[in-house]
Visitor: 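Quick one: the structure is below, and I'll ask about it shortly.
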Amino acid sequence: MSRLNARQQEAVRYIDGPLLVLAGAGSGKTSVITRKIAYLVEECGIRAAHIAAVTFTNKAAREMKERVGKLIKGSQARGLTVSTFHNLGLNIIRQEHKTLGFKAGFSIFDSEDAKALIRDIVLKEYAEEGDEINDLQMRLSNWKNDLLDPHYVLSHAQDEEEARAARVYELYNRYLRAYNAVDFDDLILLPVKLYREHPEILEKWQQKIRYLLVDEYQDTNMAQYELVQQLVGSHARFTVVGDDDQSIYAWRGARPENLARLMDDFPRLRLIKLEQNYRSTSRILRAANTLIANNPHVFDKALWSEYGLGEEIRVIRTRNEDAEAERVATEIIDQKLKRKADFKDFAVLYRGNHQSRLLEMKLQQYQIPYHLSGGTSFFARHEIKDAMAYLRLLVNPDDDAAFLRIINVPRREIGPATLEKLGQYATQRDISLYRACQELGAEQYLGEKALERLRRFCSWLQDTARRCHEDDAVRTLKQLFTDIDYEDWLHQTSNSPVQAERRMNNIWYLVDSLQRMLEQDKGTADEIGVEDAISRLILRDMMEQREEEDDSDKVHLLTLHASKGLEFPHVFIMGLEEELLPHRNSIETDQIEEERRLMYVGITRAQRTLTLTYAGERKQYGEKIESTPSRFLDELPQDDLIWEGVGPSDPIANKMKGKATMASLMNLLKNE
DNA sequence: TCCTTTCGTATTTTT
DNA sequence: TACGAAAGGA
């Protein structure tokens, strides 16, 4: 406790009612949460099993668990819940699946699966091309996040387009039910609905979770807000931590106003602000504060630190995006030597993933090691999707999406014609494709040969599922991929033997991860079954996959979004141009404030130095476009900036010897 | 079923 | 421009 400042201690000690901790960037919010958990257990005598801490990412949950583990003894930590929102929801659904009308072993559709299902529905029901699949998926997701059901949406539809989307929504939900499956949004939505309709079940959960802590509260959506509200009940024993200035996920349903809404819903709410920053120099914080002051605020907040003024913030202008990337690369080499820093002390942040390409080329040229976060996810890979489909089907035979994905992978000579007939039969009997295969009576639809192939597949699958439970699960899974000659299939379908090998290794990595999960808590109360392990895989809760990589000495390349929660001694932010940062779409849709917060997040990642770059012209879609420096540059405290680089082509600004942009001049005039 | 060509699109991303 | 997806042809 003595290692916390006065405000932090106050936040830890206040346990009798609802508490909102407004924690600025780098103010030690995770310390507050972890130490509070320890305090609740050790000082207040609350059993760990009655405490739940909720985060948004697996990584955050893992870190929190680790840090709590260091603070309290293992025996006292028993039963403590530290999980993501989605994982908590999954646990609730799993325990109450009967009431919700799901069979054990239900599947979880990831967003790719969901998109494929939507595409199928549009194609099948409307026989139209699917150009608006992404739009539809977004709409459905938003509706689910807002707790709106298809019936409501349909009756309130503003136009025909929306009504059509609502009908897709209804069908989509029906298909999911038929497949005995839920999607990511359902993991939150279904518990909320369940609690609404069954107060006795809610009460049971309230008995279990007597103290709730939520991290990154500004990122909660409507459904998550209600889930929290339900769980804490009238006792309202909770601590939520958040920062409205770091809300950068509104575009996927986050409602930063949930912070302010707490004051209305819980009049007794205690508010504690953490403004002391333990990360950056004063100059960097002044820049952050000045920038974010341009946003309207419900809660005023100003970061400060004791780390001294620090160096000026450099703003570098280059001729074009090529020169920009080159400059960043040479700067890194230069700074590394000057400051005797490691490569891993540097991070380069940018708005869009594509911005990393040029930079990567330059870094390779200069032989600078780098680590790129983002990119194609492990789970987006073909072979992993195939493998996951097999796993899903083993656990949930009704998962038609999984069935269709792998029925002919590898080749089993079961083509579209056979599947269509099987589908007809299944629809007519209102059963899944798998069960249709097993049933007699499909003969009238299908030829003897096709029927035989389907039956053989089914009995093989059934046998594998049985062995999975009775025998050693991991061994059975390994056998599965041998059974189907998957390696052979990969060699047939890959471009090179090397690629095929890499893909097969991905499969074994997946099986390994599963094995590790199963063995992790073997013999303890936390021991999990194959079903749970598969769910965790779908929820991307994989272990320290690239822990070794992270330790290595590499420059970090990441998007501004991906940088949230991280910190680096030396930070570069690239592409400070209108239409890029702020992004064009955000300008058009009047969402500058979120872009500003994004910039704020970027600035506050820096511990010691911050360098901002922009290019005078940039190729966009093949055309050279002259770019305007970002308005955010004008919103920074000009005294803290040093301008460098080739002079702007703007003659007036040129006369200023690059000390200010035209826009900042205008700003000065306006403010006078 | 596979290969070529054309087309269309172009933020941010976790679960 | 540059990529992936879909469509069309052998």
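Lettering follows sequence order; numbering is per chain, from 1.
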Visitor: Hydrogens and angles aside, do A:Lys619 and A:Asn320 bring a side-chain donor and acceptor to less than 3.5 Å of each other?
Guide: no

Visitor: How close or far is atom C1' of B:dT11 from atom NE2 of A:His354, stated in whole angstroms?
Guide: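 Value for this atom pair: 8 Å.
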
Visitor: Going by the angle between their ring planes, with limits at 30° and 60°, are A:Trp251 and A:His561 parallel, tilted or perpendicular?
Guide: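 Answer is perpendicular, since the angle exceeds 60°.
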
Visitor: Counting the atoms with a prime plus P, OP1 and OP2 as sugar-phosphate, which does A:Glu595 contact under 4.0 Å by heavy atoms, base, sugar-phosphate, or nothing?
Guide: base

Visitor: Using the rule for Phe, Tyr, His and the six-membered ring of Trp, do A:Tyr621 and C:dT1 stack at under 5.5 Å and under 30°?
Guide: no

Visitor: Rounded to whole angstroms, how far apart are CZ on A:Phe85 and P on B:dT15?
Guide: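 It works out to 13 Å between those atoms.
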
Visitor: Output the residues of residues 576-588 of chain A in contact with DNA chain B, where contact means a heavy atom of the residue under 4.0 Å from an atom of the strand; sort by number or write none.
Guide: A:His583, A:Asn585, A:Ser586

Visitor: Counting the atoms with a prime plus P, OP1 and OP2 as sugar-phosphate, which does A:Arg411 contact under 4.0 Å by heavy atoms, base, sugar-phosphate, or nothing?
Guide: sugar-phosphate

Visitor: Just how far, in rounded Å, is P of B:dT13 from CE of A:Met138?
Guide: 16 Å

Visitor: Below 4.0 angstrom from OP1 or OP2 of B:dT15, is there any side-chain N or O of A:Asn58?
Guide: yes

Visitor: Could you pull out the closest heavy-atom pair between A:Arg351 and A:Leu580, with the gap in Å?
Guide: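 Heavy atoms of A:Arg351 and A:Leu580 come nearest at CG-O, 3.1 Å.
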
Visitor: Excluding sequence neighbours, so at least two apart, what forms side chain to side chain donor-acceptor pair (under 3.5 Å) with A:Gln365?
Guide: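 By the side chain to side chain donor-acceptor pair (under 3.5 Å) rule, A:Gln365 matches no residue at all.
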
Visitor: Using atom CD1 of A:Ile248 as one end and atom P of B:dT13 as the other, report the distance to the nearest whole Å.
Guide: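 Roughly 9 Å, once rounded to whole Å.
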
Visitor: Determine the Euclidean distance between corresponding C1' atoms of C:dC3 and B:dT14; express it in Å to zero decimal places.
Guide: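 Roughly 24 Å separates the two C1' atoms.
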
Visitor: What is the distance, to the nearest angstrom, from the CD atom on A:Gln355 to the P atom on B:dT12?
Guide: 9 Å

Visitor: Where does the angle between the aromatic ring planes of A:Phe184 and A:His86 fall among parallel (under 30°), tilted (30 to 60°) and perpendicular (over 60°)?
Guide: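 Answer is perpendicular, since the angle exceeds 60°.
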
Visitor: For the CG atom of A:Leu190 and the CD1 atom of A:Ile92, what is their distance to the nearest 0.5 Å?
Guide: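 These two atoms lie 10.5 Å from each other.
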
Visitor: Would the base of B:dT15 count as contacting A:Ser111 through its side chain, where contact means a donor and an acceptor less than 3.5 Å apart?
Guide: yes

Visitor: Quick check: A:Phe56 with A:Phe85 (ring centres under 6.0 Å apart)?
Guide: yes

Visitor: Considering only side-chain heavy atoms of A:Thr57, which listed nucleotide, B:dT14, B:dT11, B:dT13, is closest?
Guide: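 Looking only at heavy atoms from C-beta outward on A:Thr57, the closest nucleotide is B:dT14.
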
Visitor: Has A:Asn353 got a side-chain N or O lying under 4.0 Å from the OP1 or OP2 atom of B:dT11?
Guide: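 No, because none of the side-chain N or O atoms of A:Asn353 sits under 4.0 Å from OP1 or OP2 of B:dT11.
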
Visitor: In whole Å, what is the span from the CD atom of A:Gln137 to the C1' atom of B:dT13?
Guide: 12 Å

Visitor: What does A:Phe184 touch in the nucleic acid at a heavy-atom separation under 4.0 angstrom: a base, only the sugar-phosphate, or nothing?
Guide: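 The residue A:Phe184 makes base contact.
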
Visitor: For A:Arg252 and B:dT12, what is the distance between atoms CZ and P respectively, to the nearest whole Å?
Guide: 13 Å

Visitor: A:Thr559 side chain: which of B:dT13, C:dA6, B:dT15 is closest?
Guide: B:dT13

Visitor: When the distance from CG of A:Asn134 to C1' of C:dA6 is rounded to whole Å, what number comes out?
Guide: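 To the nearest whole Å, that distance equals 15 Å.
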
Visitor: If you measure from CD on A:Gln355 to CD on A:Glu321, what distance do you get to the nearest 0.5 Å?
Guide: 10.0 Å

Visitor: Rounding to an integer number of angstrom, what distance separates B:dT12 and C:dA5 when you compare their P atoms?
Guide: 16 Å

